[in-house]
K.L.:
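Structure in structure tokens, see below.
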There are 2 protein chains.
Amino acid sequence: MELSERKKAILQAIIEDYIQTAEPVGSRNIAKNHDLGLSAATIRNEMADLEEMGYLDKPHTSAGRIPSEMGYRFYVDSLMHRYSLTMEEIASLQSSMDRKYSQLENVVSEISDIISKATNYPAIVELPMAQTSRLRSVKMMLIEQGSVLIVVVTDAGVVRNRHMKVSGDIDYEVIDSISEFLSGQLTGLCADDFTPARLMLIYEAMASYGDFLKTVIEFVLECLTNGQRRVYVGGASNILKNPEFENIDRAREFLSFIDSRENVSQMLSLLGNGEDAPISIKIGSENAVPEMRDTSLVVANYSVGGKLHGKIGIIGPKRMNYARVISSLELINSNLTEILGRMIYGKDE
Amino acid sequence: MELSERKKAILQAIIEDYIQTAEPVGSRNIAKNHDLGLSAATIRNEMADLEEMGYLDKPHTSAGRIPSEMGYRFYVDSLMHRYSLTMEEIASLQSSMDRKYSQLENVVSEISDIISKATNYPAIVELPMAQTSRLRSVKMMLIEQGSVLIVVVTDAGVVRNRHMKVSGDIDYEVIDSISEFLSGQLTGLCADDFTPARLMLIYEAMASYGDFLKTVIEFVLECLTNGQRRVYVGGASNILKNPEFENIDRAREFLSFIDSRENVSQMLSLLGNGEDAPISIKIGSENAVPEMRDTSLVVANYSVGGKLHGKIGIIGPKRMNYARVISSLELINSNLTEILGRMIYGKDE
DNA sequence: GTTAGCACTCAACGAAAGTGAGTGCTAACA
DNA sequence: TGTTAGCACTCACTTTCGTTGAGTGCTAAC
């Protein structure tokens, strides 16, 4: 059944009041504060309908109504207006992101702080990752006698390195020649190309350095497959600013869930890779994670150079200023893309 | 005034009971549960003395006593017995740390999780840093036309890299020769050695690549001076397990403080560099940070290869099992040192 | 279809009384 | 002189119970 325009207006008024006050809203208040030209009694009737249809809930008989998850969903999909950030908000965001970043981990952790400061909710930022990487470069450097540094660069721009112990009699030139040989053999390959046959050839060609090569190749493979996704959470304690988390048990449940990176990372992976929509919103139990049943999750996907992907988002109470959060995430998202582009590919656009 | 043996025994009993129960302890309970051979009335008299001397506090007239900060301090300095971890505890710690780590950031964040799981308190781990580093190696790699990767290794074993854009006409061999030249000029220097005179010489020798060199040298300097300390916090929500943080305002104050890496890092820097004692303990307001006045901080210093230093520690309520925390930190500390040694210097011991 | 009126519901607040763990003091005891 | 039993007193905490007030649902009139 379609909602009448009047019902929509009332539903919207209720939700927006509730988002602001966190108090169940009563018919009288709607009649007074919103110019709907209706009396409290009429609104009461409509509210009863809306409740019956599932858009509203009642905490108890003598309280006002609060939006149900279905109500929020309808609001987000059909009623909500876009929020335009003010000039001040934009300026403040821009300036907080306008600085030099040196390491990927720093960017990601700082962005999560920025998001949580901007929205007043806990923020999540995923480290960018490639779906399938190819090896762009592998190089070994002799750091000191007996110690070699392996540096791997993938075509997504990810750089990783690892120290390795070698027997003392390998010198600078040997390292260089192995380095060059391996580079020639492996550059351009992705993880699937590391077939036993191909590896066998390499080992045979350089039989005297078998152990050495094995370590290097394992590390290269590790970089190409790249383990689990990593996330940063910023401003987790912001959740305590919301009255729905005055209850210490709820707060504890939420915070101990979010304290674990694995939990958060797994939750994000349930969202899919966002090919359908740039921003995905999970309201309450739409999110399959039971600990999150009282919260909403708003997540945007970013991608850098078409190769690297990741997610940024926030978690807040279901009663959340969705419009504002979405606008902030969009702006931060585009800045982040730019920063990462500059950083990883060294481009100045 | 010296405390009599009997007063010490009573003080110890009170503190240990309070650590366990978090309830003010009364004279009757001490008489019953601890075999001191004294009646409640006698203990009452002694408790009155201890209170007058400042070792105990009274929340209100009709409650039992709780230790004052001075009481805890005396306990930690003079009364506390060493706690021996059980075989199970040791085995479980060892096994949770016994895996391969690839990146420094991963080690540090995982260690913070391990500490917080082992102690049930929020844990802090600082990234290892060198006090003064010398450059061990700088190398440039041409990744693709127009994009160069700079890799810097310091004598402390820290490796960092950064992408840099270059004009397209610089090829592989040019990069290599600049790389070799710079390496020869800069290897072995520390930040203070980068005098204007020396830099001038370098710029003059390679005048045609001025901008290029400038970027590289700036990055090297950045690596040698190395910015601010970075910390990881794990298991922050553990603090909510303690009854003293049932109060939502206290919880909020604590968690929002600890949510900020700068706050935590600054707090650690107030501790000095631990040359005096391997473990430092700050009880309540001994810690100058006002938000931490209700908590205690236990911090151990670690060092790797004599070059890299850092701190690990926990924050808990003043009513904390100090002995157990200290033993756990010591064990984790030694494992961490070993892991980092292997990782950074590629040594297998 | 809309609205005024009214009885009804129920969480929240607050005062009052009861409960009990614990103290401090006194007087008797070893 | 140090220790202990006894007892009056204190005070947070809990429970009870009435009050308040925001809000609903229903009915009847407009």
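Lettering of chains follows the sequences in order, A, B, ..., and the numbering in each one begins at 1. Note that the coordinates shown come from a computational prediction; the quantities given were computed from them, not determined experimentally.
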K.L.:
What dot-bracket string describes DNA chain D from 5' to 3', counting Watson-Crick and G-U wobble pairs whose defining distances are under 3.5 Å, with [ ] for crossing pairs and | for pairs to another strand?
P.N.:
||||||||||||||||||||||||||||||

K.L.:
Can you find a side-chain donor-acceptor pair between B/K241 and B/N238 that sits under 3.5 Å?
P.N.:
yes

K.L.:
Base, backbone or nothing for each nucleotide of nucleotides 15-30 of chain C, written B, S, -, heavy atoms under 4.0 angstrom, 5' to 3'?
P.N.:
------BSBB------

K.L.:
State which residues pass ring-ring contact (aromatic ring centres under 6.0 Å, His included) with B/F245; sequence neighbours excluded, sorted by chain then number.
P.N.:
B/F254

K.L.:
Atom CD1 of B/I43 and atom C1' of D/dT3: how far apart are they, to the nearest Å?
P.N.:
12 Å

K.L.:
Just jot down the ring-ring contact (aromatic ring centres under 6.0 Å, His included) partners of B/Y232, sequence neighbours excluded, or say none.
P.N.:
none

K.L.:
When the distance from CD1 of A/I30 to C1' of D/dA22 is rounded to whole Å, what number comes out?
P.N.:
14 Å

K.L.:
Determine, for B/E5 against B/K8, whether the closest basic-nitrogen to carboxylate-oxygen distance falls under 4.0 angstrom.
P.N.:
yes

K.L.:
Could you state the CD-P distance from A/E246 to C/dA12, rounded to the nearest angstrom?
P.N.:
13 Å

K.L.:
Who pairs with B/S27 by side-chain hydrogen bond (donor to acceptor under 3.5 Å, both in side chains), at least two apart in sequence or on another chain?
P.N.:
B/R44

K.L.:
Sequence neighbours left out, what pairs pass side chain to side chain donor-acceptor pair (under 3.5 Å) with at least one residue falling in residues 281-292 of chain B?
P.N.:
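Sorted pair list: B/E69-B/S285, B/R73-B/E286.
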
K.L.:
To the nearest Å, how far apart are B/E23 CD and D/dC11 C1'?
P.N.:
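That distance rounds to 16 Å.
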
K.L.:
Cut-off 3.5 Å, side chains only: do B/Q266 and B/E262 have a donor facing an acceptor?
P.N.:
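There is no such pair (donor and acceptor under 3.5 Å, judged by atom type) between the side chains of B/Q266 and B/E262.
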
K.L.:
Tell me whether the count of non-hydrogen atoms from other residues, nucleotides or ligands lying under 6.0 Å of CD in A/E246 goes above 12.
P.N.:
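More than 12 within 6.0 Å, yes.
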
